[in-house]
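Everything quoted here is computed from the prediction, not taken from an experiment. Naming: A, B, ... by sequence-line order, numbering from 1 per chain.
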Amino acid sequence: MASYDFREIEKKWQASWKQHANYKTPENFDRPKFYALDMFPYPSGAGLHVGHPLGYIAGDIVSRFKRLKGFNVLHPMGYDAFGLPAEQYAIQTGQHPAVTTEENIKRYREQLDRIGFSFDWSREIRTCDPSYYKWTQWIFVQLFNSWYNRETDKAENISGLISKFEISGCNDDLNQFTAAEWKNFSEKEQSDILLNYRLAFLSEAMVNWCPALGTVLANDEVKDGVSERGGYPVERKLMTQWSLRISAYADRLLKGLDTLDWSDSLKESQRNWIGKSEGSSLFFKNPESKIELEVFTTRPDTVFGVSFLAIAPEHPLLNDLCIGNERDQALAYSEKARNRSERERQAEVKNITGAFTGSYVKHPFTNEDIPVWVADYVLGGYGTGAVMAVPGHDSRDYAFARHFNLPILEVVAGGDLSIEAYEAKTGQLINSSFLDGLEVKDAIKKAIEAIEQKGLGKGKTNFRLRDAVFGRQRYWGEPIPVYYENGVPKCVAESDLPVILPEIDKYLPTETGEPPLARAKDWTYNNHPLELTTMPGWAGSSWYFMRYMDPHNETAFASKENLNYWQNIDLYIGGSEHATGHLLYFRFWTKFLYDMGHVPFDEPAKKLINQGMIQGVSSLIHRINNTNKFVSAGLKGEYETTAIHIDIKLVTNNNQVDIEALKQWRPSEFENAEFILENGILICDSEVGKMSKRWHNVVNPDDVCDNYGADTLRLYEMFLGPLQDAKPWSTQGIEGVLRFLRKLWRLFHNNPEESFVLSDEEPSKAEYKTLHKTIKKATEDIENFSFNTSVSAFMVCINELQDLKCNKRKILEPLLIILSPYAPHIAEELWSLCGHNTSINNAEWPAFNGEYLIENEFNYPISFNGKVRFNLNFALDMDPKAMETEILANEQTSKYLEGKAPKKVIVVKGKIVNIVI
RNA sequence: GCCCAGGUGGUGGAAUCGGUAGACACGCAGGACUUAAAAUCCUGUGGCUUCACGGCUGUGCGGGUUCAAGUCCCGCCCUGGGUACCA
């Protein structure tokens with residue numbers, strides 16, 4: 001073989017790795033472990049584009065590196081296979097989602113295989129596989145059978161709570177009953193009470209209902225009032241729903257972040273989503289009507305600035321509060337506000353609306369009458385659904401008071417209330433009785449003390465994090481393993497799991513609006529009806545990383561032995577778009593399983609890297625409005641035009657459109673079109689955005705592998721820039737990477753016959769220096785996830801060896817080893833040509849020898865008072881005093897120093913960098 | 001609005017602790033080889049200035065600390081991402 005034939009080489013080694021199961025994770029536990037996981041993909045019909053493999057390549061490089069370093073590496077891959085697109089497709093075509101999913105997976109696998117990943121495919125999992133979702137259902141059963149014990153601050157079996165009720169009854173915020181009463185409750189009553197505590201529970205709650213998708217969605221699945229998938233409008237609707245009590249873990253999810261090596265921005269996203277806020281509850285009462293309204297505030301110091309109370313349109317006491325002449329109007333307003341969709345609600349944020357209820361309550365400190373208003377800026381689901389409005393020091397209350405002409409009181413000095421609310425948490429309290437003169441910080445403390453002392457409320461912490469709606473009115477998901485006996489929800493016995501997803505004739509809701517599972521024949525368990533909703537997409541992904549440790553275990557989701565060995569993920573790579581979804585849920589499930597003693601770790605991933613999105617560059621040509629004429633980009637200013645996306649394959653690197661290809665691409669549109677050219681060519685504009693079929697800008701990794709090879713693709717994706725950064729895909733520069741691999745190849749074939757030649761001669765110092773410099777850099781870069789600079793270092797190394805005409809075994813073999821994580825195919829080929837009959841995968845990462853980098857002399861430019869620079873040579877081990885003498889003796893220096901002794905000689909890393917006089 | 005990240009040549013991007021800014025690659029220009037092309041190799045390439053040696057200037061803007069600032073501090077401007085009546 002003379003020239004570098006990447007097609008042949010890559011095909012050959014991929015087949016060999018498969019045949020010899022090179023990347024199968026060893027089943028012994030005698031080495032240190034390393035668990036490198038990529039977020040598994042949802043297998044969509046569109047296949048992979050060049051953005052998908054970015055994170056996988058980085059993970060693969062680290063995995064290969066760790067293997068060479070002697071670690072037992074777990075590096076698996078699988079598919080997040082339940083989900084909406086396959087079901088939407090099924091509705092349109094009648095094709096079973098399982099069939100579509102299977103096809104898509106096959107396609108994904110082909111694409112992944114071409115890139116040469118070192119996945120252990122014997123551990124592949126699919127969330128839609130019954131042997132997998134058996135355990136997803138099993139975890140659900142554990143959640144159902146558990147409650148969160150605040151005293152021990154962990155989840156426990158619900159039986160403990162039941163015995164507590166049996167012995168001493170209950171007296172908490174939710175329920176009050178005696179032990180005797182508990183025993184007299186019916187089974188249904190007991191069940192309903194327990195649902196208030198179970199971690200998987202059924203409740204009636206306002207949910208995000210998406211009519212177009214026919215299902216409810218969790219908060220993180222709704223963006224800007226529309227569904228994340230499909231972008232359909234979302235409404236609020238009161239429904240009985242399965243939810244998971246993630247709110248019980250709010251504080252631990254927050255605290256756990258401090259122990260994780262995740263990016264600051266991602267941790268910050270989770271902190272904001274959890275939204276911890278500390279403050280106080282406070283009761284406003286009306287002695288006549290006996291009404292008590294509880295509010296939550298983070299600014300109890302401003303209590304003397306309260307001029308009205310505002311309650312949410314969903315507030316439970318609304319009906320009692322709306323009285324007198326105001327009753328009808330206030331109720332009508334609330335009704336209207338409640339029924340608005342999320343989108344309307346958000347669009348109208350700036351419109352201030354509200355209504356007076358007719359009721360008054362007493363101010364807890366001044367005993368003044370405070371009017372109670374209903375206002376849609378108060379959210380039913382947060383805090384107590386009621387706020388004490390302090391217009392002087394809260395901008396929303398201020399706007400409301402301005403609009404309805406309510407009093408604005410100043411209680412913290414420092415602002416100008418005629419212009420805006422003064423919200424800063426600094427300044428002295430005024431007009432506030434016993435708080436006068438205090439700084440805000442101290443006033444908050446004192447106010448809470450006073451509130452607690454008088455029994456008006458107590459210090460309290462609120463979280464923004466809501467419980468996660470878990471039921472989906474869809475077909476293509478895990479059945480929730482629950483049946484109903486006389487209206488009481490019960491879990492299917494663990495021995496009867498999995499509850500297999502039944503076959504149905506159509507993937508649509510029934511005529512009566514029930515979920516698709518209602519179509520299933522005999523959808524019962526021991527003659528009792530089974531639950532009709534299925535689990536959301538994030539259920540299967542919340543624990544999949546554990547299944548990889550022991551994927552074929554039939555008696556447990558993973559054996560204790562395997563869990564103890566592999567522990568949690570050492571390196572998790574995936575997109576930051578999962579910050580408030582998957583990455584929160586899988587922390588929650590891990591903590592729960594930890595509490596219940598099923599796993600020995602309480603965080604799933606120690607280190608997380610978010611790879612940036614690779615964006616697509618789309619091409620736009622300009623059509624003159626109402627004509628079939630297209631004008632080159634430089635001339636578009638002279639016409640009224642509309643931009644049209646065309647396939648990027650029709651365009652060269654410098655934005656020149658191939659008109660003949662364009663005509664063939666869409667003959668109906670372009671066959672008879674006229675083109676107004678500039679300098680004889682048609683130029684288009686380009687735009688950076690998401691890679692999508694819609695914009696005709698998808699780049700398929702298969703094409704890159706065909707034209708440049710998998711090794712070049714791998715190196716180039718790393719070379720593009722820092723892994724974490726978003727960057728547009730461009731093939732400018734990919735030639736440079738291919739050129740680098742050719743140069744490497746030629747080091748071994750540098751003779752007229754271009755035959756493989758390797759020298760066993762002892763390398764020179766310069767050659768060793770080049771090698772060890774590169775070993776150092778490559779090792780450090782992988783540990784710092786700085787892959788782009790590593791690729792550069794390899795390029796420098798090859799350029800230097802080329803200049804040295806080096807073809808020595810002692811240099812090239814270690815070099816192949818450190819390059820193999822990036823470009824495994826060419827490394828393997830050359831390794832084999834070097835005479836090895838085992839895979840380079842079994843080699844050992846070369847040791848770095850720093851001695852080759854030490855120089856005896858250096859020549860370094862020296863600044864003089866930070867200005868003039870000149871060069872001086874010194875021995876490296878010369879002491880600073882001797883250097884000073886040397887400097888003064890030097891003709892050039894003394895000229896600048898005018899014979900004066902230097903005040904200061906600045907030495908950095910043993911080198912003089914500046915002389916100060 | 002709030003929170004986070006970032007702003008370096010024509011382009012993507014380098015620059016561990018503050019220590020020769022622009023590594024590496026693309027692009028561009030010139031040259032070698034070739035009948036020619038491709039491929040390959042060599043040279044140059046921040047700006048201004050100089051025949052040249054060199055000099056001046058330069059990391060979004062304005063100030064500061066330091067012998068020395070892309071890097072640290074203060075105040076702005078801009079871009080990307082997250083979040084949004086969360087009391």
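Taking atom C1' on both nucleotides, G70(B) is separated from A14(B) by 12 Å, rounded to a whole Å. With both ends at atom P, the span from G63(B) to G13(B) equals 30 Å, rounded to whole Å. Nucleotides U57(B) and G44(B) are separated by 26 Å at their P atoms, to the nearest Å. Across G54(B) and U45(B), the matching P atoms stand 12 Å from one another, rounded to whole Å. Taking atom P on both G60(B) and U16(B), the two are 16 Å apart, rounded to the nearest angstrom. Taking atom P on both G30(B) and A38(B), the two are 14 Å apart, rounded to the nearest angstrom. If you take atom C1' in C3(B) and the same atom in A23(B), they sit 35 Å apart, rounded to whole Å. Rounded to whole Å, the C1' atom of U8(B) lies 15 Å from the corresponding atom of C61(B).
Relative to the side chain of Met795(A), the nucleotides A15(B), C42(B), A25(B) differ in distance, and A25(B) lies closest. The Glu268(A) side chain lies nearest to C3(B) when the options are C3(B), C85(B), C41(B). Among the nucleotides C41(B), A87(B), A14(B), the one closest to the side chain of Thr297(A) is A87(B). In the set C85(B), A39(B), G12(B), C85(B) carries the atom at the smallest distance from any side-chain atom of Leu379(A). Proximity note for Asp264(A) (side chain, C-beta onward) versus U40(B), A5(B), A14(B): the nearest is A5(B). Distances were taken from every side-chain heavy atom of Lys727(A) (C-beta onward) to each of A87(B), C42(B), G13(B); the shortest belongs to G13(B).
Side chain of Asn807(A) to main chain of Leu747(A): no donor-acceptor pair is present (N/O by atom type, distance under 3.5 Å, no hydrogens or angles). With hydrogens and angles ignored, the 3.5 Å screen pairs no side-chain donor or acceptor of Lys777(A) with any backbone N or O of His772(A).
In this entry the distance linking CG of Asp301(A) with P of A87(B) reads 14 Å, nearest Å. A straight line from CG of Leu741(A) to C1' of A25(B) spans 13 Å, rounded to a whole angstrom. Taking atom CD1 of Ile370(A) as the reference point, atom P of A87(B) lies 21 Å away to the nearest angstrom. Straight-line distance from the CZ atom of Phe284(A) to the P atom of A87(B): 17 Å, rounded to whole Å. Note: CG (Leu608(A)) to P (C4(B)) measures 19 Å, nearest angstrom. One atom, CZ of Arg742(A), and another, P of A38(B), lie 14 Å apart when rounded to the nearest Å. In this structure, the CE atom of Met613(A) is 20 Å from the P atom of A5(B), given to the nearest Å. Atom-to-atom, NE2 of His393(A) to P of C85(B) comes out at 23 Å; the value is rounded to the nearest Å.
Residues Asn799(A) and Cys797(A) form no side-chain contact, since every pair of their non-hydrogen atoms from C-beta on lies 4.5 Å or further apart.
In G81(B) the base sits anti relative to the sugar, since the glycosidic angle is further than 90° from 0.
Salt bridge annotation for Lys773(A)-Glu800(A): present, with a cationic side-chain nitrogen under 4.0 angstrom from a carboxylate oxygen. Checked for salt-bridge contact, Arg271(A) and Asp258(A) meet the test: a charged N lies under 4.0 Å from a carboxylate O. Here Glu294(A) pairs with Lys460(A) in a salt bridge; the nearest charged N to carboxylate O distance falls below 4.0 Å. Salt bridge status for Asp725(A) with Lys727(A): absent, with no side-chain N to carboxylate O gap under 4.0 Å.
Between Pro722(A) and Phe463(A), the residue whose closest nucleotide on RNA chain B is further toward the 5' end is Pro722(A). Annotation: of the two residues near RNA chain B, Val791(A) and Ala386(A), the 5′-most nearest-nucleotide partner is Val791(A).
Residue contacts shown for Ser265(A) are limited to sugar-phosphate atoms, with no base heavy atom under 4.0 Å away. Among the atoms of the strands shown, none is found under 4.0 Å from any heavy atom of Gln724(A). If you check every strand for non-hydrogen atoms under 4.0 Å, Phe719(A) touches a base. Using a 4.0 Å heavy-atom cutoff across all strands shown, Val390(A) reaches no nucleic acid atom at all. Within 4.0 Å of Arg271(A), counting heavy atoms only, lies no atom of the nucleic acid at all.
Close to A25(B), at under 4.0 Å from its OP1 or OP2, lies a side-chain N or O of Asn799(A). Under 4.0 angstrom from either OP1 or OP2 of A87(B) there lies at least one side-chain N or O belonging to Tyr382(A). Within the structure, every side-chain polar atom (N or O) of Arg739(A) is placed at least 4.0 Å from both OP1 and OP2 of A39(B). A close approach under 4.0 Å does not occur between any side-chain nitrogen or oxygen of Ser730(A) and OP1 or OP2 of C26(B).
Taking both residues in full, the closest heavy atoms of Phe296(A) and Gly383(A) are given as CB-CA, 4.4 Å, listed atom of the first, atom of the second, then distance.
Partners of Asp397(A) by salt bridge (charged side-chain N to carboxylate O under 4.0 Å, His left out), not counting sequence neighbours: none found. Here Arg739(A) pairs with nothing under the salt bridge (charged side-chain N to carboxylate O under 4.0 Å, His left out) rule; sequence neighbours left out. For Thr712(A), the side chain to side chain contact (heavy atoms under 4.5 Å, CB included) partners two or more places apart in sequence, or in a different chain, are Tyr708(A), Ile734(A), Val737(A), Leu738(A), Leu741(A).
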Protein and nucleotides 76-83 of chain B: nitrogen or oxygen contacts under 3.5 angstrom:
from, atom 1, to, atom 2, distance (Å)
G82(B), O2', Ser269(A), OG, 3.4

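Stems are defined here as 3 or more consecutive Watson-Crick or G-U wobble pairs with pairing distances under 3.5 Å; those involving RNA chain B are B:1-7 with B:77-83, B:10-12 with B:24-26, B:27-32 with B:40-45, B:46-49 with B:54-57, B:60-64 with B:72-76.
Within the structure, salt bridge (charged side-chain N to carboxylate O under 4.0 Å, His left out) pairs that include any residue of residues 370-394 of chain A comprise Arg340(A)-Asp376(A), Asp394(A)-Arg396(A) (at least two apart or interchain).
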